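Since the structure comes first, as structure tokens, the remarks are kept for the end.
Note that the structure is a prediction, hence the values are computed from the model and not measured. Quick note: residue numbers are just sequence positions, from 1.
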Amino acid sequence: MGGKLSYPRDEIPADKTFIVTGGNTGVGYQTAKGIAKLGGRVIIACRSEERATQALEKMQKEHREEVKQERQTQDEAAKKANPPPAATKDTPKPPATGDKDTTGEGSGDKDTAEASATKDTEEASAEGQTTEGKEEKEPIASADKEDSSPPEDDAADDIQPLKVEFMKLDLASLASTMEFINAYKAKGYPLHVLICNAGLGLVPFQKTDDGFELQFQVNYLSHFLMTLHLLPLLRESAPNSRIINLTSIVHTSGTFDLKNMQGELSYDRIKFYGNSKVYQIMNMYALNRRLKDSGISIFSVHPGYVDSEFSRGSADSKLHSFVESVSQVLHIKRNVEDGAMTSLVAALDTSYDGRSALYLKDCKVANASALARNTEKQEQLWDYSLDCLKDHITEDLLKDLHLPVPAAKDDTPTTDEAKGEAETKPETPNKSEEPTSTQDEAKSKSEEEAESKPEEKTESKEEVEESKADEDDKSKVEEVESKPEEDTEAKPEAESESKVDEKEEEKKEESEDQSPTDEGGDTKTDEEQVKSEEVKGDEDKGQEDGEGE
């Protein structure tokens, strides 16, 4: 697992505010405590007020004991670094009896002096007092008084309590999540760091009252809802405000299937846990693109395999039992203090200022799975998530955040969207072009008819000039063929044509005596008849073509 894990211990400004979901236990508890001990204000957001109250009392007690221990350690270190001067042990010299002896004075009193000295010594011993003992006992008694005296308790009273407080949040309910959001805004606190720590895993299939699979909503969706609504506060605290999602190495086993997001087709505990964790990372990338230059950084962190209450709902899982056994054999399980290290690095380390969309593991940057980094899938998840939250977010909210509104297309579509539009465009003709197309067709038709009429006229003249007899026969045949197609409206024309035929026969009998000029006149009448019949035939044909369309 690498070297010893650590996080920065720099003092945090008193007004800097953090939210830690699930901060009443496990990694969240240690994360909240670590931040609060450095001076930050921490909101512990969790479901049970009773458990939260117990956690807060425990945290405050641990804090006082740890401060006392730290002070004692510091004092001992200071004493070692600067030892006090050694105590003097001067012993008064005994009476100068020897001098008297050498001079020969008082020799008669020698025995008396020795006896007196012996007596004084015995009396001093009986009282437990010697000249040397008096000098040594006084500083010892003074030291004992300092170590066990009440002033030590007085010194402990100057330990400032941690600035931690509880707010109710049930991530299994979108309504409860919204209540927490509104209650937090009502407090008027700023928000510098949002730590989405709470989660559960390896639980049997359940659906929330909102209709979502439990792990999907608790681990991912409700945190996303919180993030959207708290973004304005994070922006006000920028630059270097942060969003931290607690993910897992199990995200590498996650999948993305829009048809089975809520276990509609199948459900597997660890697979859906992995899904919820990969969604957190995918959402990190998608949100980061939309928050460019906002001053808000987003991180996803893997705490490691931690000895906590996280999997308390999976005791009946054979897989959980197996993992527990393996972790004990390989010694890979971390305590909760080490498990919180990477979260604290993401929240506090100034070396990450201005950086974003990073996956952290063992307190350093690592690579997320290929699925987590798939941009197309990230955008699909984004759209799906907004649709899931449509009853709890508004268009105004998204517009204020400069985020695309689900009901409307973005002004700058993605490559896939542009491609889709290009493919569908030919299938839906432009309405403004439809009238033009119809007019062009009508114009083309009329031009064709207009061009055909002179040709017909020319051809009729040539045929009449070549042979009048052949033309007469031809006109009669065409007249007979056209009669069945004529309707009741053409009867007056038929009668008129009959009169013309009789007239033609009379003229035919006199044709031998007529001049060429007269032939031209007679030919003109035949030409008009042929023209009338042929034009009428074209009209009938046109009607049949129109019905066919």
Side-chain angles (χ1 to χ4, degrees), residues 18-32 43-48 51-52 55 168-174 176-177 180 193-208 210 212-227 243-254 261-263 267-284 298-315 317 319-320 323 333-334 336 339-344 346-347 359-361 368 372 381 385:
F18 302 71
I19 292 176
V20 181
T21 66
N24 62 313
T25 185
V27 171
Y29 176 90
Q30 294 299 330
T31 302
I43 306 300
I44 291 179
C46 61
R47 182 176 50 180
S48 171
R51 296 188 66 188
K168 185 175 179 59
L169 169 66
D170 182 2
L171 293 168
S173 166
L174 295 180
S176 174
T177 304
F180 168 82
V193 181
L194 171 62
I195 304 177
C196 301
N197 168 88
L200 50 81
L202 310 180
V203 295
F205 179 75
Q206 299 176 53
K207 278 202 172 183
T208 67
D210 298 298
F212 301 109
E213 190 272 318
L214 184 60
Q215 295 184 98
F216 172 84
Q217 181 166 335
V218 172
N219 296 351
Y220 166 68
L221 189 64
S222 291
H223 278 133
F224 181 40
L225 179 62
M226 283 180 59
T227 300
I243 301 167
I244 299 165
N245 295 318
L246 207 72
T247 183
S248 168
I249 192 65
V250 183
H251 85 270
T252 56
S253 68
M261 296 293 285
Q262 306 305 324
Y267 179 80
D268 178 81
R269 295 186 187 193
I270 193 163
K271 179 180 177 182
F272 271 69
Y273 173 67
N275 290 354
S276 69
K277 292 303 177 180
V278 78
Y279 297 160
Q280 289 179 314
I281 305 176
M282 293 167 71
N283 182 269
M284 172 187 72
I298 314 174
F299 304 108
S300 293
V301 302
H302 167 49
Y305 189 67
V306 182
D307 185 11
S308 69
E309 297 182 19
F310 160 74
S311 56
R312 59 182 177 269
S314 60
S317 171
L319 176 63
H320 176 255
V323 173
K333 182 179 281 192
R334 290 176 176 168
V336 288
M341 291 290 183
T342 307
S343 295
L344 289 166
Y359 170 65
L360 302 180
K361 174 185 174 184
L381 175 65
S385 302

Looking at residues at least two apart in the chain, or sitting in another chain, which of them share a ring-ring contact (aromatic ring centres under 6.0 Å, His included) with [X]?
{"X": "F272", "result": "Y267"}
{"X": "F224", "result": "W382"}
{"X": "H223", "result": "none"}
{"X": "Y29", "result": "none"}

Locate the shortest heavy-atom distance separating [X] from [Y]; write the atom from each residue and the value.
{"X": "N275", "Y": "G254", "value": "OD1-CA, 3.3 Å"}
{"X": "N283", "Y": "L381", "value": "N-CD2, 4.3 Å"}
{"X": "A368", "Y": "I281", "value": "CB-CG2, 4.0 Å"}
{"X": "D210", "Y": "S173", "value": "OD2-CA, 3.6 Å"}
{"X": "F205", "Y": "G263", "value": "CE1-CA, 4.3 Å"}
{"X": "T31", "Y": "A340", "value": "OG1-CB, 3.5 Å"}

Side chain to side chain, [X] and [Y], heavy atoms closer than 4.5 Å:
{"X": "I19", "Y": "I195", "value": "no"}
{"X": "M282", "Y": "V278", "value": "yes"}
{"X": "R334", "Y": "V27", "value": "no"}
{"X": "I43", "Y": "F18", "value": "no"}
{"X": "Y305", "Y": "I249", "value": "no"}
{"X": "V218", "Y": "S222", "value": "no"}
{"X": "R269", "Y": "V203", "value": "no"}
{"X": "F216", "Y": "M261", "value": "yes"}

Drop me the distance from [X]'s [atom1] to [Y]'s [atom2], to the nearest 0.5 angstrom.
{"X": "L171", "Y": "S176", "atom1": "CG", "atom2": "OG", "value": "7.5 Å"}
{"X": "S385", "Y": "Y220", "atom1": "OG", "atom2": "OH", "value": "2.5 Å"}
{"X": "R51", "Y": "T25", "atom1": "CZ", "atom2": "OG1", "value": "5.5 Å"}
{"X": "K361", "Y": "T247", "atom1": "NZ", "atom2": "OG1", "value": "11.5 Å"}
{"X": "S343", "Y": "F299", "atom1": "OG", "atom2": "CZ", "value": "12.0 Å"}
{"X": "Q217", "Y": "T177", "atom1": "CD", "atom2": "OG1", "value": "7.0 Å"}

Exercise for the section: Check side-chain contact (heavy atoms from CB on, under 4.5 Å) between T342 and all other residues, then give those that pass, not counting sequence neighbours. Expected result: V301, L360, C363

Practice task
Using side-chain contact (heavy atoms from CB on, under 4.5 Å) as the criterion, list what pairs up with S253, not counting sequence neighbours.
Solution key: V250

Problem - Derivation of the side-chain contact (heavy atoms from CB on, under 4.5 Å) call for K168 and F180 - result: CA-CA 7 Å; K168 185 175 179 59; F180 168 82; over 6 Å; no

Practice task
Kindly indicate, with the supporting measurements, whether the criterion side-chain contact (heavy atoms from CB on, under 4.5 Å) is fulfilled by L174 and F212.
Solution key: CA-CA 10 Å; L174 295 180; F212 301 109; 4.0 Å; yes

Problem - N219 side chain to K277 backbone, donor-acceptor under 3.5 Å - result: no

Exercise for the section: Indicate, with yes or no, if the rings of H251 and Y359 have centres closer together than 6.0 Å. Expected result: yes

Practice task
Please lay out, stage by stage, how Q262 and K207 fare under the test side-chain contact (heavy atoms from CB on, under 4.5 Å).
Solution key: CA-CA 8 Å; Q262 306 305 324; K207 278 202 172 183; 4.3 Å; yes

Practice task
Check step by step if side-chain contact (heavy atoms from CB on, under 4.5 Å) holds for T21 and L169.
Solution key: CA-CA 8 Å; T21 66; L169 169 66; 3.9 Å; yes

